[in-house]
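Chain naming here is simple, since letters A, B, ... match the order of the sequence lines and numbering starts at 1 in each.
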2 protein chains.
Amino acid sequence: MLITVDSSSAQPLADQVANSVRAALAGGQAAPGDRLPSARNVAATLGINLHTVLRGYQQLRDEGLVELRRGRTAVITGTADQVRLQLTAAAEEFARAALHAGATDEEALDAARQALANLRE
Amino acid sequence: MLITVDSSSAQPLADQVANSVRAALAGGQAAPGDRLPSARNVAATLGINLHTVLRGYQQLRDEGLVELRRGRTAVITGTADQVRLQLTAAAEEFARAALHAGATDEEALDAARQALANLRE
DNA sequence: GTAGTGTTATAGTCAAAAGCAAACAGTTGG
DNA sequence: CCAACTGTTTGCTTTTGACTATAACACTAC
């Protein structure tokens, strides 16, 4: 279970922590029943604050992806499919921005297609 | 040249101002050579600060969409096509987030397609 | 010349993110 | 049992970004 963080990123650290877990779950590197490393451990390893890690964990709990109980490390309860559903929310944000910029549906999809192609290079 | 703003939105006011101009340009309601209303005028009309409007205008200047010179109101110099190119950047952000969540290209495109469909309802 | 424009500078408010520190209340394993 | 570890909670400070406020400046246009 690898959790990484980029302090130069504009994305909040807590979100990055949560994203690391989501990616591991969606990518098959983690499965329901697995345990996350303790928040204190992650905080010390990454050089960030305990609260920041816990806020990331609590995001995951609010989404039903992990179970948190004091005294024990977090347990993964969500599935990969569950994580992929979050894609729709991200896609909706993009679609909204695209339409707001005056794009048609086709233009928006073409842009998404082209972006994916660029990232694959 | 209509500039609107939603103070309840999470999007920064300056970004909303810039987006209003981009949408008008991409949608054909504004064209190169047109002038933007003065920043002081927009600020007073929308009930926001002069600086906030100017930050939006400066975004557009940095993107080559408008020309700013003191003493005169801003002039549109960019084209609708130029605005649509910005779609690619937005799409790339979405694509990156999708892939980071463990999605395949097809899943990402499906998500975008579904989001567009939802917004059309 | 006057009124209006964008520009610049300085300072203040406000909220969110993150950090720090300490105590609390469970679980686990020797 | 008990010591070590876990997440939880509380309260505070620091930092950063967005926004506001005021003022002076320099340029353009009528």
Practice problem: Please say whether more than 12 non-hydrogen atoms of neighbouring residues, nucleotides or ligands are located less than 6.0 Å from CD in A:Gln82. | Solution: yes

Self-check item: Atom CD of B:Glu93 with >12 non-hydrogen neighbours under 6.0 angstrom
Solution: no

Quiz item: Do A:Thr79 and A:Asp81 have a side chain donor and acceptor closer than 3.5 Å?
Solution: no

Exercise. Determine whether the side chains of B:Asp15 and B:Gln59 contain a donor N or O and an acceptor N or O closer than 3.5 Å.
Key: yes

Exercise. Compare the minimum distances between each of D:dT9, C:dG6, D:dT8 and the side chain of A:His51, then state the nucleotide with the smallest one.
Key: D:dT9

Tell me: [atom1] of [X] to [atom2] of [N], nearest whole Å?
X: B:Leu54; N: D:dC25; atom1: CG; atom2: P; value: 19 Å
X: B:Leu50; N: D:dT22; atom1: CG; atom2: P; value: 12 Å
X: B:Tyr57; N: C:dT5; atom1: OH; atom2: C1'; value: 11 Å
X: B:Ile76; N: C:dG6; atom1: CD1; atom2: P; value: 14 Å

Quiz prompt | Min side-chain heavy-atom separation B:Leu54-B:Leu68 under 4.5 Å | solution = no

Quiz item: Would a hydrophobic clustering, with Ile, Leu, Val, Met, Phe, Trp and Tyr connected at side-chain separations under 4.5 Å, put A:Leu85 with A:Leu25?
Solution: no

Quiz item: Do the side chains of B:Val83 and B:Phe94 join up, straight or via other hydrophobic residues, at under 4.5 Å, putting them in one cluster?
Solution: no

Enumerate the protein-to-nucleotides 27-29 of chain C contacts in which both atoms are nitrogen or oxygen and the separation is below 3.5 Å.
none

Quiz item: Between A:Glu67 and A:Arg61, is the closest basic N to carboxylate O distance under 4.0 Å?
Solution: no

Quiz item: Contact class for A:Gln58 (heavy atom, under 4.0 Å): base, sugar-phosphate, or nothing?
Solution: sugar-phosphate

Exercise. Could you check whether A:Glu67 gets within reach of a base, just the sugar-phosphate, or nothing at all, counting any heavy atom under 4.0 Å?
Key: nothing

Quiz item: Residues from residues 36-46 of chain B sitting under 4.0 Å of DNA chain D, heavy atoms only?
Solution: B:Arg40

Self-check item: Contact letters for nucleotides 14-19 of chain D, in which S counts primed atoms plus P, OP1 and OP2 and B counts the base, heavy atoms under 4.0 Å
Solution: ----SB

Exercise. Mind running side chain to side chain contact (heavy atoms under 4.5 Å, CB included) on B:Leu2 and B:Gln29 for me, showing each step along the way?
Key: CA-CA 9 Å; B:Leu2 182 65; B:Gln29 293 86 29; over 6 Å; no

Exercise. Go through the steps to decide whether B:Leu116 and A:Leu109 satisfy the test side chain to side chain contact (heavy atoms under 4.5 Å, CB included), and finish with yes or no.
Key: CA-CA 9 Å; B:Leu116 285 165; A:Leu109 279 177; 3.8 Å; yes

Quiz item: What distance do B:Arg22 atom CZ and B:Ile76 atom CD1 have between them, rounded to the nearest 0.5 Å?
Solution: 12.0 Å

